[in-house]
Asker: 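I am attaching a structure below and will ask some questions about it afterwards.
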Amino acid sequence: MGKRITLSVIKADVGGLVGHTNVHPELLEKARGLLSGNPLVIDSYVTHVGDDINLIITHEAGRNNGEIHELAWNVFVACTEVAKKLKLYGAGQDLLADAFTGNIKGLGPGIAEMEFEERTSEPVVILMADKTEPGAWNLPLYKIFADPFNTPGLVIDPKMHCGFNFEVRDLIEDKKIIFSAPEEIYDMLVFIGAPGRYCIKRVFHKDTGDIAAVSSTQRLNLMAGRYIGKDDPVCIIRCQSGFPAVGEVLEPFAHPHLVSGWMRGSHCGPLMPVSVNDAHPTRFDGPPRVIALGFQLSEGKLVGPQDLFADPAFDRAREQANYIADYLRRHGPFEPHRLHLEEMEYTTMPLVMEKLKERFISMRQLRESKSAAGTT
Ligand code: 13P
Ligand code: 13P
Ligand code: MG
Ligand code: MG
């Protein structure tokens with residue numbers, strides 16, 4: 001029997017260098033110092049994508065553990081102090097609460113956690129993105145766990161042939177539903193094709209019930225009741241031996257699909273797979289980035305990481321993303337490059353509407369008054 005391990009990935013933007021492009025190394029050092037040597041933690045790894053700090057923590061305390069969540073919260077608070085001292089941009093941006101209240105969910109940071117019995121060999125891939133939202137994982141998770149054109153293992157690996165169960169969340173009405181793939185993929189796609197509202201939260205192996213993937217589904221704007229920054233998401237995926245191969249997990253990112261986010265959280269753009277060294281989006285604050293770190297777990301120790309998109313085989317995806325970025329940028333303030341109104345984060349629409357409301361003339365009233373007057 002392997003050890004029961006919990007893998008928690010907790011992220012927050014607590015201040016950008018410069019603007020929203022990157023994290024200052026002092027913040028990363030602060031986070032590393034606070035996590036390493038903590039008695040609750042088996043192992044930890046701190047990284048960043050764009051302006052988001054990602055804390056990767058292994059422990060034995062299980063999911064939703066108050067002490068682990070409080071530790072992460074305290075790390076972000078301490079990093080915020082550094083960010084304030086350096087006057088970094090948007091210091092404390094993602095910390096919505098004044099104090100920790102028992103569970104980090106709902107307080108601003110994004111979180112994905114899974115608990116499992118460590119296998120003989122336990123490869124995991126952690127995906128982390130900036131300038132986008134949780135629904136960005138829908139298309140790749142669908143391809144990884146339900147599309148045989150992406151994942152031949154679904155056809156040829158007897159341990160995967162049964163398929164997977166998908167837990168889908170409705171982020172607006174706060175509901176969940178389980179879909180069984182492949183039988184119910186047409187029903188499921190009705191929902192997950194609308195990634196601004198429906199997000200794949202978890203994927204389970206159908207025969208064993210084992211957890212295969214989990215994503216962060218926090219939406220800051222929904223929590224705060226107003227738009228205050230994108231919910232740059234993370235996702236953990238277990239690989240090999242009944243789960244998708246590492247290469248099957250990475251393959252969807254060879255296609256830079258369109259996601260919501262980018263400049264001011266209000267534009268649609270291609271998700272560009274990059275190495276950690278290239279994870280600082282600058283062009284028009286983007287285009288949106290995704291990094292992938294691979295680890296082998298060994299008694300909870302994080303062996304690695306391997307920077308999985310630091311591979312020239314993803315050059316063409318990056319080139320295509322740049323081409324798509326050029327094409328979309330030429331739309332300027334027009335949809336669908338600019339998101340539709342409900343999705344706009346820093347929208348001036350209510351202000352402009354308020355200013356102009358007296359000048360909008362009702363066409364119905366105009367028609368009625370014309371017909372009453374006998375004119376046309
Ligand atoms: P729940 O919202 O299902 O408790 O999720 C907890 C978790 O694992 C976060 O990813
Ligand atoms: P972040 O959500 O990464 O902070 O970016 C916000 C933004 O306004 C980018 O232009
Ligand atoms: Mg930011
Ligand atoms: Mg960000």
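Atoms within each ligand, like the ligands themselves, are counted from 1 in listed order.
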Asker: Indicate whether any N or O donor in one side chain lies under 3.5 Å from an N or O acceptor in the other, for Asp13 and Gln93.
Answerer: yes
Asker: Answer with yes or no whether Phe284 contacts ligand 2, where contact means a heavy atom under 4.0 Å from a ligand atom.
Answerer: no
Asker: Among Asn322, Thr21, Asp326, whose side chain to side chain donor-acceptor pair (under 3.5 Å) with Arg283 holds?
Answerer: Asp326
Asker: Using the ring centroid of each side chain, check whether Phe166 and Phe179 are separated by less than 6.0 Å.
Answerer: no
Asker: Please state which part of His20 comes within less than 4.0 Å of ligand 2, counting heavy atoms only: side chain, backbone, both or neither.
Answerer: side chain
Asker: Whether Glu115 and Arg4 form a salt bridge (side-chain N of Lys/Arg under 4.0 Å from carboxylate O of Asp/Glu) is what I want to check.
Answerer: yes
Asker: Restricting to N, O or S atoms of Asp13, which is nearest to the Mg ion (ligand 3)?
Answerer: OD2
Asker: Can you name the atoms of ligand 2, numbered from 1 with element, that are less than 4.0 Å from a heavy atom of Gln93?
Answerer: 4 (O)
Asker: Considering only heavy atoms of Asp130, which atoms of ligand 2 have at least one such atom less than 4.0 Å away?
Answerer: 3 (O)
Asker: Of all the atoms in ligand 2, which lie at a distance below 4.0 Å from a heavy atom belonging to Met263?
Answerer: 10 (O)
Asker: Establish, for the pair Arg329 and Phe284, whether the NZ or CZ atom is under 6.0 angstrom from the six-membered ring centre and no further than 45 degrees off its axis.
Answerer: yes
Asker: Thinking salt bridges, do Lys131 and Asp232 make one under a 4.0 Å N-O criterion?
Answerer: no
Asker: So is there a nitrogen or oxygen of Asp13 less than 3.5 Å from a nitrogen or oxygen in ligand 2?
Answerer: yes
Asker: Is the side chain of Ser216 donor-acceptor paired with the backbone N or O of Val234 at a distance under 3.5 Å, no angle test?
Answerer: yes
Asker: Just give me the atom name: the N, O or S atom of Asp51 closest to the Mg ion (ligand 3).
Answerer: OD2
Asker: Should the heavy atoms of other residues, nucleotides or ligands under 6.0 Å from CZ of Arg316 be counted, would the total exceed 12?
Answerer: no
Asker: Below 4.0 angstrom from a heavy atom of Asp232, which ligand 2 atoms are there? Numbered from 1 as shown, please.
Answerer: 1 (P), 2 (O), 3 (O)
Asker: What N/O/S atom of Asp52 is the closest to the Mg ion (ligand 4)?
Answerer: OD2
Asker: With heavy-atom distances below 4.0 Å as the criterion, list the atoms of ligand 2 near Trp262.
Answerer: 9 (C), 10 (O)
Asker: For the metal site, I want the angle between atom OD2 of Asp232 and atom OD1 of Asp130 with the Mg ion (ligand 4) at the apex, to 10°.
Answerer: 80°
Asker: Without hydrogens or angle criteria, can the side chains of Ser121 and Gln296 be said to hold a donor-acceptor pair below 3.5 Å?
Answerer: yes
Asker: Among the N/O/S atoms of His20, select the one at the shortest distance from the Mg ion (ligand 3) and name it.
Answerer: ND1
Asker: Using a strict 4.0 Å cut-off to heavy atoms of Lys131, name the atoms of ligand 2 that fall inside it.
Answerer: 1 (P), 3 (O), 5 (O), 9 (C)
